[in-house]
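What follows is a single structure, written as structure tokens, with notes after it.
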Amino acid sequence: MAVPKENEVMEKLVSLCKRRGFVFQSSDIYGGINGFWDYGPLGAELKRNVKECWWTTMTRLREDVVGLDATIIMHPRIWQASGHVDTFSDPMCDCLLTRKRFRADQIEPQSGLAYHFSGARDTATGRTLTDAYAVLLPPGKPPESARRTAAQFYAARGLSNVELQGERTEKVENSTRFNPENGSLLTEPRPFNLMFKTYVGPVGDESAIAYLRPETAQAIFAQFKNVLETSRQKVPFGIAQVGKAFRNEVTPRNFTFRTREFEQMELEFFVPPAEGPQWYEYWCNERLDWYVRHGIPTDLLRIRAHDDDELSHYSTGTSDVEFMFPWGWDELEGIAQRTDYDLKQHSQHSGERLDYFDQPNNERYVPYVIEPAAGATRTMAAFLLAAYDEEEVGDGDKSDIRTVLRLHPRLAPYKVAVLPLSKKDTLTPLAHEVRRMVGDRYMVDYDETQSIGKRYRRQDEIGTPLCITVDFDSLDDNAVTVRERDTMEQVRVPIAELMPLLTEKLGF
RNA sequence: GCGGAUGUAGUUCAAUGGUAGAACCUCAGCUUCCCAAGCUGAUGACGGGAGUUCGAUUCUCCUCAUCCGCUCCA
């Protein structure tokens, strides 16, 4: 069976991530746990770098954004105010015929005549099924169509010549037990709670129920007043937060892209209501640019505005920053105009005034919010995918594939590797000296095993931008070789000039 | 949660109803070694559980995980 090429890249990357210590499956030795991934030594560095780049760009380099680090477990009423308790715990039903899924509370009530069947028999094989099934017919439709639908149901379960059994009819009023599209019976409504539930305190009764936050944003709204007062910020201004969030996803999928425990990088930017649209545009551009600046090619990125029917009830406009994943365009970040919905909700539920008084204009209003909300863990996956490259470097008859992660230097786990040409201890003292010097400023790896070529390739594969080689000449001329990951070019430089050169090449 | 596929060293694969081989990786030794050089040696696997069987990695069932599709989202 031919494996689609898109999948190959993904499989190679997942394999590299494990082999080199970027990403492991959570609880690996126990067989893993669906939707959870651990970050190994290099992955931990990479993920921190992603978050730090975001934090630096979004808060430290700006005067109009301040940070927040709130708890994962908060007062459960926060999630009632935000709407998560309702929208994240809908009972769901599946159509028994098409397997289409419905929110039980959104099914339009149906009336008509229900045809019940107790089972069916295969007239060819004699095999019988005793699964009960029913079809609802709107008034006026012939009974035959109900029987046809029922026959399909049993045929899908393995009968070829279906003979329906135990037919009876029942008048039904305003029922939500049937698929409005085809009349087929639905499964019993099953609760679907996308929020992780836990108990605060050792007594696990109903009153102690709390939730692991499904997003970091709500803490920002809940602390809006405290931050506003203590930071002495004036609207427009923003509050940024990076942290874990948890969702009981129906289907965790695609490596670290959709997981049940993940990390978000969220900004809530508060603006005067009238300035909403222009700030929305500003943040869309700003955020797209951030990905480009950190090494994702523009042709793998796009910004896509939501259609009206995709919009949340509170949003007047949302755009996604999407990345071309091996499985297609998918979301890295959503930039939403949330209006004053959240602050008003929390104001109403808490009884606190969460409005803002604009001194110069002498007006009082609830600020509108622009929310650029990015997934740190899926962004990391995108950076890895964009950086992954295989290059033919063989000479003529002999093929040689060089695998290289062309990560942005800011993101790369190691910035520099120090490699003594030989393990001979004549080189060791100088190599260690260079390592200490560079390590004071940059995350550095030191490797003296195996051949120099192999070590270069190893560093290429984990995305180290620069390698420094200490050789026997270095002992005499106090110079070393600096080799670039992307071009494999080398330059000889006196050790005294090494640090400025690294700074120049790395860009920081 | 539903449907389909898959599961053997760290990775990628092979073989087998009589307890498993390789390549790469990793580690150690030799080698003044600048682009996966060579030689020697070493570590290391049948996802988990139950059943059938004299005996299961192989057959059956269950379970867990991964991939693809449905669905959903940062």
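All chains are named by letter (A, B, ...) in the order of the sequence lines, taking the proteins before the strands, and each is independently numbered beginning at 1. These numbers come from a predicted model, not from an experiment.
Between the side chain of S451(A) and the base of rC34(B), no donor-acceptor pair of N or O atoms lies under 3.5 Å. Side chain R483(A) to base rC34(B): no donor-acceptor pair is found below 3.5 Å. Q490(A) contributes a side-chain N or O that forms a donor-acceptor pair with the base of rC34(B) under 3.5 Å. Donor-acceptor pairing under 3.5 Å, judged by distance alone, is absent between the side chain of R20(A) and the base of rG10(B). Checked by distance alone, R378(A) brings a side-chain donor or acceptor within 3.5 Å of a matching partner on the base of rC73(B).
The distance between atom CZ of F257(A) and atom C1' of rC67(B), rounded to the nearest whole Å, is 16 Å. When rounded to the nearest whole Å, the span between CG of D38(A) and C1' of rU66(B) equals 16 Å. As a whole-Å value, the separation of E249(A) CD from rC70(B) P is 16 Å. Rounded to a whole Å, the CG atom of L16(A) is 12 Å from the C1' atom of rC25(B). Per the geometry, CD belonging to E263(A) stands 17 Å off C1' belonging to rC73(B), to the nearest Å. Atom CG of N34(A) is separated from atom P of rC2(B) by 13 Å (rounded to the nearest Å). Across the protein-nucleic acid pair, D447(A) atom CG and rC33(B) atom P stand 18 Å apart, rounded to whole Å. In this structure, E261(A) atom CD and rC73(B) atom C1' are separated by 17 Å, rounded to whole Å.
T318(A) comes within 4.0 angstrom of nothing in the nucleic acid, heavy atoms only. Residue contacts shown for G243(A) are absent, as no nucleic acid heavy atom lies under 4.0 Å away. Across all strands, E333(A) comes closer than 4.0 Å only to sugar-phosphate atoms, never to a base (heavy-atom distances). Contact annotation for I33(A): backbone-only contact, meaning every heavy-atom pair under 4.0 Å involves sugar-phosphate atoms and none involves a base.
Figure legend. rG44(B) is base-paired to no nucleotide; pairs are counted as Watson-Crick or G-U wobble with both atom distances under 3.5 Å. Across all strands shown, rU19(B) remains unpaired; no Watson-Crick or G-U wobble contact has both distances below 3.5 Å. If you check rA50(B) for Watson-Crick or wobble pairing at under 3.5 angstrom, you find it paired to rU60(B). For rA65(B), the paired base is rU6(B) (Watson-Crick or G-U wobble, both distances below 3.5 Å). Across all strands shown, rC35(B) has no partner, as no Watson-Crick or G-U wobble contact with both distances under 3.5 Å is found.
Taking the side chain of R253(A) as heavy atoms from C-beta on, and the options rC34(B), rC73(B), rC67(B), the nearest nucleotide is rC67(B). Considering only side-chain atoms of K424(A), the nucleotide from rC73(B), rG10(B), rU32(B) that sits closest is rU32(B). The listed nucleotides are rU32(B), rC33(B), rU66(B); the one nearest the side chain of W37(A) is rU66(B). Comparing rU12(B), rG69(B), rC33(B) against the side chain of I452(A) picks out rC33(B) as the nearest. Looking at the side chain of R258(A), the nearest of the listed nucleotides rC33(B), rU32(B), rC73(B) is rC73(B). The nucleotide whose nearest atom lies closest to any side-chain atom of T377(A) is, among rU66(B), rA36(B), rA74(B), rA74(B). The nucleotide whose nearest atom lies closest to any side-chain atom of Y456(A) is, among rC35(B), rC33(B), rA74(B), rC35(B). Counting only heavy atoms from C-beta on, R247(A) has its side chain closest to rC73(B) among rC73(B), rG1(B), rA65(B).
For rG47(B) and rA20(B), the P atoms lie 15 Å apart once the distance is rounded to whole Å. If you take atom C1' in rU12(B) and the same atom in rC46(B), they sit 16 Å apart, rounded to whole Å. To the nearest whole angstrom, the two P atoms, one in rC59(B) and one in rC68(B), are 26 Å apart. Across the P atoms, rG17(B) and rG69(B) are found 35 Å apart, a figure rounded to whole Å. Between rC62(B) and rA42(B), the distance separating the two C1' atoms is 39 Å to the nearest Å. Annotation: rG3(B) and rU58(B) have their C1' atoms spaced 27 Å apart (nearest Å). Comparing the P positions of rC54(B) and rG41(B) gives an interatomic distance of 43 Å, to the nearest angstrom. Comparing rC24(B) with rU57(B), their P atoms are spaced 29 Å from each other, to the whole Å.
Side chain to side chain, Y456(A) and T469(A) meet the donor-acceptor criterion of an N or O pair below 3.5 Å. Residues Q241(A) and D69(A) bring no donor and acceptor atom of their side chains to less than 3.5 Å of each other.
Taking for each of F255(A) and F262(A) the nucleotide of RNA chain B with the nearest heavy atom, the 5'-most of the two is the partner of F255(A). Taking the nucleotide of RNA chain B with the nearest heavy atom to each of Y30(A) and E266(A), the more 5' of the two is matched to Y30(A).
By the 30° and 60° cut-offs, the orientation of the rings of W327(A) relative to F325(A) is parallel. Between H294(A) and H408(A), the angle of the ring planes lies from 30° to 60°, which puts this pair in the tilted group.
Side-chain rings of F270(A) and F224(A) approach one another, their centers coming within less than 6.0 Å. Less than 6.0 angstrom separates the ring centroid of F269(A) from the ring centroid of W283(A). Centroid-to-centroid, the aromatic rings of F255(A) and W37(A) come within less than 6.0 Å.
Distances shown here put a side-chain N or O of N254(A) below 4.0 Å from the OP1 or OP2 atom of rC68(B). Taking side-chain N and O atoms only, Q450(A) has no distance below 4.0 Å to OP1 or OP2 of rC33(B). Within the 4.0 Å cut-off from OP1 or OP2 of rU32(B), not a single side-chain nitrogen or oxygen of K423(A) is found.
Interface residues of residues 459-472 of chain A facing RNA chain B, ordered by number: T469(A), D471(A), F472(A); criterion, heavy-atom separation under 4.0 Å.
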For a quick test of your reading: what N or O donor-acceptor pairs under 3.5 Å do the side chains of residues 332-343 of chain A make, sequence neighbours left out?
from	atom 1	to	atom 2	distance (Å)
E333(A)	OE1	R287(A)	NE	3.1
E333(A)	OE1	R287(A)	NH2	3.1
E333(A)	OE1	Y291(A)	OH	2.7
E333(A)	OE2	R287(A)	NE	2.8
R338(A)	NE	D342(A)	OD2	2.7
R338(A)	NH1	E371(A)	OE1	3.1
R338(A)	NH1	E371(A)	OE2	3.0
R338(A)	NH2	D342(A)	OD1	2.9
T339(A)	OG1	Y314(A)	O	3.4
T339(A)	OG1	Y341(A)	N	3.2
D340(A)	OD2	K344(A)	NZ	2.8
Y341(A)	OH	H313(A)	NE2	3.2
D342(A)	OD1	Q218(A)	NE2	3.4

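Within the cation-pi definition used here (under 6.0 Å to the ring centroid, within 45° of the axis), K197(A) does not qualify as a partner of Y211(A).
In this structure a side-chain-to-backbone donor-acceptor pair under 3.5 Å is present from D447(A) to T449(A).
For K51(A) and E263(A), the salt-bridge test passes: some basic side-chain N is under 4.0 Å from an acidic carboxylate O.
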